[in-house]
Every structure is written in structure tokens, then in C-alpha cells.
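For reference, the structure is listed below as C-alpha cells.
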Amino acid sequence: MFFDVLRIELFKVFRRPRTFIAFGAIAMIILLIQFALKVNGQEFILFFTDSQTDTFEIPFDGILNGYFVCVAVLHIILVHVPLLVALIAGDMIAGEANGGTLRMLATKPVTRSQLLLAKFAASALYVILLLLWMALFALVGSLLLFGSNDLVVFKETDLHVISQADLVWRFIAAFFFAALALIMIAALSILLSVFADNSLGPIVATVCIVIIFTILQQLKVPVFQETINPWSFTTHMLGWKGFFYVEKTAEGVTIPGSVENPLSLVKSGLILIGYTTLFLLVAIGVYRRKDILS
Amino acid sequence: MDSVLEVKGLTKRFADFTAVDDLSFSVPAGSVYGFLGQNGAGKSTTIRMLLTLIEPTAGEILIFGKPLASNRKAVLSKLGAIVEKPDLYKYLNGLEHLRIFSRLSGICPQEAKLKDLLSLVGLGQRLTSRVGTYSQGMRQRLALACALVNDPDLLILDEPTNGLDPQGIADMRQLILQLSKEQGKTIIVSSHLLSEMEMIADQVLIIDKGKKIVEASMETLVQQAASLELQQQPQRRFFLEAYFLSLTTA
Amino acid sequence: MKHYFLFLTCVLLHTNLLLASDPEAVALLSQVKKKYDLVNDYTANARLVTNVIFIKAPVSQVTVYYKKPDQLLVKNQKGISFIPKGTVHINMNNVLGLTNYEALLAGTELVDGVLCKVVKIFPLSEEESITRATLYIDPVQLLIRRSVVSTKENGTYAIKMQYGSYSWCGLPSVVDMEFNTRDYKLPKGTTLDYDNGAKKGPGLPQKGKVTIRYQEYTLNKGLPASLFLQ
């Protein structure tokens with residue numbers, strides 16, 4: 001029964017024109033970034049390597065490759081994708097309540113938990129498809145446009161060069177981690193959606209929550225860094241970047257297949273799963289007892 | 001006659017407001033049961049409790065002889081409903097709605113049956129048109145088709161003629177009678193027009209401020225109305241409404 | 001005032017005396033140069049390891065191109081390497097090719113168990129990019145085992161060499177080059193890093209090191225000058 005409900009939810013999601021706005025927006029943004037880097041890629045790289053141009057020959061042409069462009073695209077747009085996820089997930093319950101269709105669904109022999117879980121699963125699949133779409137444009141598209149080479153990642157105080165052969169699994173892992181983070185956003189939106197009777201509220205609330213915690217993180221004020229940030233989901237949502245931070249030997253050589261401090265990634269992943277579970281359990285608890293008055 | 005639905009001491013309170021107050025009634029199998037009350041009398045709240053949309057504060061609901069609270073899935077699989085106005089997915093067509101609601105009812109949709117059902121409610125020509133292009137009457141008929149998609153034994157229709165033109169109202173009435181007489185379905189129809197109920201209902205329940213005022217057969221009710229010297233009303237329709245008003249505004 | 005000028009004249013004379021080339025040093029340099037002059041150009045495959053505190057990079061397979069007198073190009077065959085600008089100084093002809101200089105012997109020192117003569121070189125021309133060089137020369141095999149080259153623009157490079165089958169023409173099998181680096185820091189506000197608890201860079205100037213391990217040389221096949229224009 002659950003899979004029947006899931007099929008129906010997916011059918012509804014992908015019959016709605018608004019669903020494709022996100023796909024269109026992502027394709028458009030990626031194309032614009034690719035165009036900008038094709039034209040001004042060297043300036044972009046110089047911006048990150050300026051402090052080292054006296055000491056090193058900067059291999060601009062090599063750095064500006066498909067993998068680098070893909071990571072740049074992910075850096076720029078993954079921060080904004082929660083909005084696109086909230087557009088769909090925030091609408092899942094509240095949109096149906098507003099449209100009056102929720103009461104029709106709720107009079108069918110499907111438990112409310114099943115219905116909510118199916119809606120969450122549909123949102124999660126939407127997130128995964130959105131990321132696959134992003135991967136297609138950002139990774140495959142960039143590789144076609146810029147070619148392939150080793151990946152250079154500019155971190156705050158160091159830079160990591162990862163050989164091509166060590167990259168594919170990192171991108172797959174990063175996309176999975178990003179999916180985990182965005183699925184958590186979907187769970188948050190659905191939780192907020194349970195309390196609302198129109199979809200605008202949960203969508204705006206989700207985006208506001210993400211913005212507030214991101215600002216707290218960016219402030220880098222000790223009082224927040226020591227208390228809120230270690231548990232803030234926006235801190236752990238950036239975990240996908242961790243797959244592009246490598247470990248090195250004492251001789252300074254990258255260790256293939258390594259990840260800098262993998263335990264922190266595991267911790268971030270568990271925290272995200274924990275939040276997702278918590279949000280879902282609360283959403284189910286509230287929704288099961290909720291009087292449908294819409 | 002066995003009862004399909006039995007309600008005992010049903011109560012719903014929203015904070016300090018009591019919407020339904022100790023309501024008890026039973027609906028005989030195969031009947032058309034009129035559920036009347038003025039706006040705000042508690043009809044929709046009661047119907048929502050019958051459909052598990054709202055949790056009762058107190059009381060018991062038995063449908064098909066089983067407690068609704070512990071047999072929700074089994075009961076709802078043999079029940080169809082329209083609750084208030086027919087809100088549907090504007091971006092889907094009629095046939096897609098029926099497919100969705102079939103699956104939600106645990107039935108594998110059979111295209112021919114679904115098309116027959118749409119023809120039964122008069123939408124045979126608009127199978128694949130998006131609901132966004134439907135008139136209010138067409139939406140109401142599609143909502144009825146959605147309620148019928150699982151071939152329910154009990155049909156609960158909350159003000160099904162709302163927003164319909166006279167022809168639409170007549171068609172809906174005809175359809176309700178057809179479903180009751182030809183297919184033996186038990187139908188609960190809520191309305192605030194006693195005269196409307198006179199044409200279709202076998203049994204009537206009138207509530208006011210959440211409390212039961214009258215539960216009687218339509219025949220008995222008409223006789224009671226007649227005995228109260230309300231016949232001076234120019235038309236039969238008006239004297240029934242006058243009687244209804246006398247009951248609910250007392 | 002008179003005394004002051006006398007003192008200054010003495011100091012200048014003394015300095016000049018100090019900077020006068022040591023004939024033994026010049027002779028040693030000339031013998032070494034003769035050996036290095038056997039190579040007009042070479043192409044060598046090598047493995048390059050960069051050890052800089054803020055860079056994490058894989059071992060690179062590079063090709064080193066050299067053309068007399070001072071052209072040197074290190075090219076990564078596939079992949080990306082951050083190659084220090086001073087890599088050109090791994091070519092000893094940069095120092096040996098100087099014409100206007102003073103050379104002094106400054107004793108002996110053991111380098112990797114080999115007793116070397118220490119020769120200090122001071123270019124006299126203002127146009128030279130090298131301001132000072134110290135070569136540690138193995139007088140028996142006439143090989144430079146170590147060099148410290150100070151440049152006007154890119155600081156000091158300390159280069160250590162090990163020799164193998166190409167020692168007959170002065171070409172090393174392993175080169176270790178140490179150089180000064182500035183700390184790396186992204187412009188503020190450009191990124192929101194994932195904080196994985198990893199230690200941040202020290203934020204102080206550090207020494208970087210590049211190791212080039214040569215695998216094979218192809219000598220004197222004639223390399224086009226255009227190769228070094230890229």
C-alpha cells in the first residue's frame with residue numbers, strides 16, 4: 001500500500017508544472033556559471049591563488065577543468081537548493097490542505113503515517129532527481145565543455161589536489177551526502193507543512209530557518225561557534241565538501257581514497273539522519289492527531 | 001433493518017466551544033439518511049468525525065458494526081464521501097483522479113470501469129480534460145465519482161448540491177436515488193433544506209448547536225409539520241422550511 | 001672628518017680584497033662546468049613530489065626539458081602540479097654559466113657522507129637574478145652535491161642532489177629543492193568551509209620542498225626553443 005501511495009504522490013509531484021521550475025532554474029544557473037567560467041575562468045582562479053602567484057606557477061588551464069567547474073557550481077548553488085526543495089516539500093501537506101484535497105486523501109483507507117511517509121519519500125526522490133539533474137549538467141556538462149584533469153580544491157587555509165582516478169567516488173559520495181542534507185530540509189519542510197494550511201508559510205519558514213543558521217555559522221562568533229554551530233544542521237549540510245578534502249603523507253603527498261577526518265563526516269551524516277528522523281517523527285506525531293478542518 | 005452506522009454520545013469540543021454535543025443516532029442499511037441543520041449546527045464536524053478527519057472528544061462511532069477508531073482502514077475501504085466543496089487537483093484530468101482514488105482505496109484501477117463511472121456521473125465526454133477547466137457542477141460530479149470508485153456500501157455526501165444549477169441539483173438527486181434504490185447503497189446526505197430532503201430521504205436527523213433535535217422518518221416529519229398548522233404557507237416547500245426553522249431556532 | 005674618510009677607504013679596500021676570486025675556486029668551477037657542458041639539452045621523465053604545508057597533492061609524473069644555457073621547463077604529463085617558480089635553479093648551469101662573478105672557497109663540508117668543497121659565488125652584474133650562490137662541490141667526481149641560491153625576487157632555494165648513472169655529465173638522479181613559501185589564505189567571505197575539525201595552517205611563512213626523482217634522460221637530441229615559450 002505504501003508504494004501505491006508513493007506512486008501517487010510522485011505522479012502528482014511530476015504532473016505539477018511548478019515542479020519543473022526547479023529543474024529549469026538549476027539548468028539555467030549551471031549554464032550561466034559554465035559560460036562565466038569559460039570566459040573568465042582564469043580571473044576566477046587567480047582570485048583564489050593570488051597569494052601564491054609569486055611562489056608558484058599556477059596551472060590555470062589545468063585547474064579549469066570539468067571537475068573544478070562542477071565543484072564550483074555545487075559551491076555556488078547547493079546553498080540555494082533548500083529553497084527549491086522547500087517549494088515542493090513545504091507544499092506536500094499544507095498545499096493539499098489549502099487546496100482542500102487533503103480531506104479527500106484522509107478519507108481513504110490509508111493511515112496518516114503512511115500518507116506522510118509517502119509524501120516524505122516522494123520529496124526525497126524529488127531531491128535525488130534534482131541532484132541527478134544537477135550532476136548531469138554540472139558534472140557531465142562541465143566535463144564536456146572543459147575537459148578533465150585533476151581537481152584542485154581551495155580550502156580556507158590550504159589547497160588540495162586530487163588526481164582524476166580518485167575523483168569519481170568522491171563525486172558520488174558528495175552527491176549522496178548532499179542528498180542526505182537536502183532530504184533533511186525536505187523533512188523540516190514537511191514538519192512545518194503539517195502545522196500550516198497554506199504552503200507559503202512552511203516554504204518561507206524553511207528558508208528563514210536555513211538563512212538564520214547559515215548567518216550564525218558565517219558570523220564565526222565564539223558564543224555561537226561553541227554552542228549552536230556544532231549542532232546546527234547548516235554546519236553539517238556542508239559535509240559534502242568533506243569528500244574533497246584529502247589527507248596527505250608526511251611527505252605532503254595526497255593519500256588516494258583518503259578523506260580528511262572521516263569521523264567528522266560520519267558524525268555529520270549521523271546528525272543529519274538524526275534531524276531527519278526527529279523531524280519526521282514529530283511530523284507524524286502531530287499529523288496523526290491533527291484535526292483536518294480545511 | 002440493521003444499522004450501517006451507529007453513533008453514541010458523540011461530542012467534539014474545540015477549546016471552550018462545543019461543536020457537537022452528545023449526539024446519538026443510527027442509520028438503517030439501504031436508506032437515504034438526511035442529515036439536516038442550519039449553517040454551523042455541527043453537520044460538517046459530525047461528518048468529519050465519521051470520516052476520521054477529526055478526532056471526537058467523546059463518544060463512539062460504529063460503522064458496519066465495528067468501532068471506527070480501531071477499524072479505520074477496513075471501514076474506510078467500504079465507504080465513500082464528499083466533504084463540503086469538491087476540491088480536486090486542477091492539474092489532473094477526471095480519469096487520473098479516479099485512478100488515484102482507486103489505488104488509494106486499495107483497488108487496481110480498471111480503465112473500462114473508471115470510464116463507466118465517469119459516464120454514470122455525466123462526465124463521459126470530459127475524461128481527459130484537466131479539472132481546472134471543469135465547471136463547479138462537473139467538479140461536484142467528479143467528486144461523487146471519486147467517492148464511488150471503491151463501490152462503497154456507505155456513501156456520505158456533505159451538501160452535495162452546493163453550487164449546482166437547478167439541472168445539476170435534479171441530476172444529483174436522481175443519481176442518489178438510483179444508487180440507493182438500484183445498488184442498495186446506504187447514503188447519508190447532509191443539507192440545510194428539509195424540502196430537498198423530502199424528495200430523497202427515508203429518514204431524517206435534524207441537529208442544532210451540535211445537539212439532536214429530531215430523528216424520524218421523512219413521513220413522520222411531514223405529518224408533524226402538517227399538524228402544526230403551517231399549511232397556510234403558499235407552497236409545500238415553504239411549510240417544510242418553516243417547520244425546519246421552527247425546530248432549529250427555538 | 002679626515003679620520004672618517006681614511007677609515008672608509010680602508011673598509012672599502014678590505015672588502016674589495018675579500019671579494020677577489022680565489023683561483024682554486026675558479027679552477028674547480030671551471031672543471032665542473034666542463035663536465036656540465038657535455039649536455040646541450042635533455043628531456044627527462046621524472047616523478048615530482050611537492051611538500052608544502054598548505055598543499056596536498058599527489059605525486060606527479062612530469063617531463064623536464066632543458067636547453068643550454070638556462071632554459072628549463074617542468075611539464076606535468078597528466079594532472080596538475082604547483083611547481084615553484086624557482087625550479088629553474090635546479091639547473092646548475094644557472095650558476096656555472098655566470099661570467100661576471102667572484103668565487104671564494106669557504107672550507108669543506110660533508111654532504112651525504114661526501115666531503116665537499118664549499119664555493120661561494122657573488123655575481124657582480126646588477127642584471128643577474130641571482131644575488132649569491134653557495135655550491136658544495138665533490139672535488140673527486142666534480143659534482144655539485146648541494147647548492148644554496150639566493151635570488152632577487154623569489155628568495156632562497158636550497159638544492160640537494162644525488163647522482164646515479166648520469167653522473168658523468170653532472171645530471172642528478174634525485175633533486176631536493178627547499179624554498180620559502182607564504183601562507184595560503186582564501187580571501188575572506190569567499191567560502192563557507194565544512195569544518196571537519198582538521199588543523200588549520202600555521203599562518204606563518206614556512207619552507208616548502210620539491211623532490212624530483214629522475215627516471216630516464218634523453219640527451220642532446222636538439223630541443224626547439226619554441227618549446228620553452230609556453
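Labels below follow one simple rule: chain letters A, B, ... track the order of the sequence lines, proteins then strands, and each chain is numbered from 1. Keep in mind the model is a prediction, meaning the values are calculated, not measured.
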- Sole candidate of C:V59, C:N51, C:T211, C:T50 that passes side-chain contact (heavy atoms from CB on, under 4.5 Å) when paired with A:V253: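 Of the listed residues C:V59, C:N51, C:T211, C:T50, the side-chain contact (heavy atoms from CB on, under 4.5 Å) partner of A:V253 is C:V59.
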Heavy-atom distances under 4.5 Å only: say whether [X] touches chain A with side chain, backbone, both or neither.
X     : value
C:V52 : both
C:S60 : neither
C:N76 : neither

At a heavy-atom distance under 4.5 Å, which candidate from [options] has the highest pair count against chain C?
options                      : value
A:G239, A:S163, A:P230       : A:G239
A:T49, A:N229, A:I58, A:L265 : A:L265
A:G252, A:A250, A:G242       : A:G252

For [X], I'd like to know if atom [atom1] has over 12 heavy atoms of other residues, nucleotides or ligands within 6.0 Å.
X      : atom1 : value
A:W231 : CH2   : no
A:F176 : CZ    : no
A:F35  : CZ    : no
C:K209 : NZ    : no
C:K120 : NZ    : no
A:K38  : NZ    : yes
C:K152 : NZ    : yes
C:K67  : NZ    : yes

- Query: Taking atom CD1 of C:I83 and atom OG1 of A:T55, what is their separation to the nearest 0.5 Å?
  - Reply: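 Between C:I83 CD1 and A:T55 OG1, I get 14.0 Å after rounding to 0.5 Å.
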- Rounded to the nearest 0.5 Å, how far apart are CG of A:L159 and CZ of C:F82?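 CZ of C:F82 is found 5.0 Å from CG of A:L159.
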- Go through the steps to decide whether A:E260 and C:K56 satisfy the test side-chain contact (heavy atoms from CB on, under 4.5 Å), and finish with yes or no. CA-CA 11 Å; A:E260 196 180 72; C:K56 295 178 177 182; 2.3 Å; yes
Exercise: identify the closest heavy-atom pair between [X] and [Y]:
X      : Y     : value
A:P59  : C:I80 : CG-CG2, 3.5 Å
A:K248 : C:I53 : NZ-O, 3.0 Å
A:E251 : C:V49 : O-CG1, 3.8 Å

- Item | Within-4.5 Å side-chain heavy-atom neighbours: C:P58 and A:V161 |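 They are in side-chain contact.
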Toward chain C, the part of [X] with a non-hydrogen atom under 4.5 Å:
X      : result
A:I63  : both
A:I255 : neither
A:D61  : neither
A:T235 : backbone
A:E57  : both

- Message: If we ignore hydrogens and angles and just use 3.5 Å, is the side chain of A:K155 paired with the main-chain N or O of C:F54 as donor and acceptor?
- Response: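 No: the side chain of A:K155 does not pair with the backbone of C:F54.
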